[in-house]
Amino acid sequence: MLGYIVKSVEFKIRALMFRLYNALVRAHLERLRMEIEKLDYNHYLPLFFDGLCETVHPYEFFSRQGVHDLLEHGCTKILPVIPQLIIPIKNALNTRNRQVICTTLKVLQHLVVSGDMVGEALVPYYRQILPILNIFKNANINIGDGVDFSQQKRENVGDLIQETLEIFECNGGERAFISIKYMVPTYQSRKGF
């Protein structure tokens with residue numbers, strides 16, 4: 001009985017510490033959001049993109065949240081940094097870790113729509129980004145007549161790749177489709193439908 005009480009108290013203490021830690025993290029993130037417009041995007045955006053390879057909590061959370069916050073508030077500061085983001089994006093995709101690839105694809109979707117001309121600025125770099133997507137494009141999970149809940153969570157790699165390529169095509173200008181088709185020959189455009 002005493003062991004149960006001690007374990008119960010330990011659990012409550014850990015839960016309290018976890019809640020306090022989360023509250024501190026939220027407060028710190030809120031403070032950062034107020035000053036986010038003042039950050040040097042040439043330094044911080046590639047740094048956070050480098051963190052997309054992380055799979056350990058809280059590092060993967062901080063890198064993912066940092067990237068999304070910077071993209072959300074960056075507007076005109078993002079376009080000049082695009083060439084510096086290609087190597088971290090390529091490194092993240094080349095890990096071939098499905099969790100990292102899904103996170104990177106979601107970030108790429110956010111990047112393309114985050115500012116004017118960003119989608120068009122990425123087109124020359126498709127040759128470096130898209131080859132790994134060609135490998136995983138048809139990597140949908142076949143579970144027969146079961147239910148796959150990864151689609152609701154947006155964690156199905158094949159569907160995310162198709163979604164990302166469509167967003168690239170829509171925001172990449174005139175040359176986007178040709179460049180995508182060259183690197184991913186099985187890609188079918190849905191733009192006309």
Side-chain angles (χ1 to χ4, degrees), residues 41 45-55 60-61 63-75 77-143 148-193:
Y41 273 64
L45 196 57
L47 185 69
F48 280 110
F49 265 83
D50 242 349
L52 291 175
C53 295
E54 292 292 337
T55 56
E60 64 94 16
F61 168 75
S63 63
R64 184 172 27 95
Q65 190 63 41
V67 165
H68 285 297
D69 285 346
L70 288 172
L71 292 177
E72 193 173 309
H73 295 89
C75 293
K77 295 180 181 182
I78 297 169
L79 188 60
V81 186
I82 295 290
Q84 296 171 338
L85 303 179
I86 301 306
I87 291 174
I89 290 169
K90 187 177 175 184
N91 290 342
L93 291 173
N94 282 332
T95 63
R96 297 178 187 228
N97 179 322
R98 289 182 184 265
Q99 177 189 356
V100 173
I101 290 173
C102 287
T103 301
T104 306
L105 290 172
K106 292 173 189 175
V107 165
L108 280 170
Q109 291 176 9
H110 192 173
L111 174 66
V112 168
V113 298
S114 64
D116 295 334
M117 304 294 288
V118 172
E120 292 178 28
L122 276 175
V123 173
Y125 302 106
Y126 283 177
R127 287 181 180 225
Q128 295 170 342
I129 297 171
L130 297 184
I132 196 73
L133 301 186
N134 194 26
I135 295 169
F136 287 97
K137 184 174 184 308
N138 295 321
N140 289 324
I141 300 168
N142 184 2
I143 57 170
D148 179 22
F149 292 104
S150 67
Q151 292 174 340
Q152 290 177 338
K153 299 177 191 174
R154 295 186 68 218
E155 293 175 356
N156 190 331
V157 177
D159 291 344
L160 270 174
I161 288 173
Q162 181 66 30
E163 214 177 283
T164 304
L165 292 175
E166 289 171 3
I167 291 173
F168 278 2
E169 181 185 358
C170 290
N171 294 290
E174 297 173 3
R175 299 179 321 164
F177 176 72
I178 295 168
S179 299
I180 293 170
K181 192 70 172 171
Y182 181 74
M183 296 309 298
V184 184
T186 59
Y187 173 70
Q188 296 292 319
S189 176
R190 295 188 186 166
K191 198 171 184 179
F193 301 115

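- Here CG of L105 is found 5.5 Å from CD1 of I161. Values are rounded to the nearest 0.5 Å.
- Tested against L111 for a side-chain contact (heavy atoms from CB on, under 4.5 Å), the candidates V67, L70, N171, L85 yield a single pass: L85.
- Between M183 and N134 the shortest side-chain heavy-atom distance does not fall below 4.5 Å.
- No side-chain heavy atom of V113 sits less than 4.5 Å from a side-chain heavy atom of V118.
- Residue pairs meeting the ring pair (Phe, Tyr, Trp, His ring centres under 6.0 Å) criterion with at least one member in residues 77-97, sequence neighbours excluded, do not occur.
- Considering CG of N91 and CD1 of I132, their distance stands at 11.5 Å, rounded to 0.5 Å.
- Annotation for E169 and S189: closest pair OE2-OG, 2.6 Å, computed over non-hydrogen atoms.
- Between P46 and P88, the shortest heavy-atom distance links the atoms O-CG, 4.1 Å.
- Going from atom CG of D50 over to atom CD of Q84 covers 11.0 Å, rounded to the nearest 0.5 Å.
- Going from atom CG of N156 over to atom CD of Q162 covers 11.5 Å, rounded to the nearest 0.5 Å.
- The NZ atom of K181 sits 4.5 Å away from atom CD of Q188, with the distance rounded to the nearest 0.5 Å.
- Under a cut-off of 6.0 angstrom, the local environment of CG in D116 is sparse, with at most 12 non-hydrogen atoms contributed by other residues, nucleotides or ligands.
- L47 pairs by the side chain to side chain contact (heavy atoms under 4.5 Å, CB included) definition with H43, Y44, not counting sequence neighbours.
- F177 and Y187 have tilted rings, their planes meeting at an angle from 30° to 60° on a 0 to 90° scale.
- Closest approach of L79 and M117 over heavy atoms only: CD1-O, 3.6 Å.
- Within the 4.5 Å cutoff, the side chain of R96 has heavy atoms near those of the I135 side chain.
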Just do the side chain to side chain donor-acceptor pair (under 3.5 Å) check on T164 and Q109 with the steps written out, would you?
CA-CA 6 Å; T164 304; Q109 291 176 9; 2.9 Å; yes

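- Partner T104 forms a side-chain contact (heavy atoms from CB on, under 4.5 Å) with one of I101, V107, V100 and no other, that one being V100.
- Contact record, G119 with Y126: O-OH, 4.2 Å, taken as the closest heavy-atom pair.
- Considering all non-hydrogen atoms of both residues, S63 and G51 come closest at OG-O, 2.9 Å.
- Taken to the nearest 0.5 Å, the CD atom of E174 stands 11.5 Å off from the OG atom of S179.
- No side-chain heavy atom of F48 sits under 4.5 Å from any side-chain heavy atom of D69.
- Only one option out of T55, L108, L160, L52 pairs with T103 in a side-chain contact (heavy atoms from CB on, under 4.5 Å); it is L52.
- Of the possible donor and acceptor atoms, none in the side chain of Y41 sits under 3.5 Å from a partner among the backbone N and O of P80.
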Test side-chain contact (heavy atoms from CB on, under 4.5 Å) on Y125 and I89 and set out the steps.
CA-CA 11 Å; Y125 302 106; I89 290 169; over 6 Å; no

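- Residues E72 and H110 approach most closely at N-NE2, 4.0 Å, considering heavy atoms.
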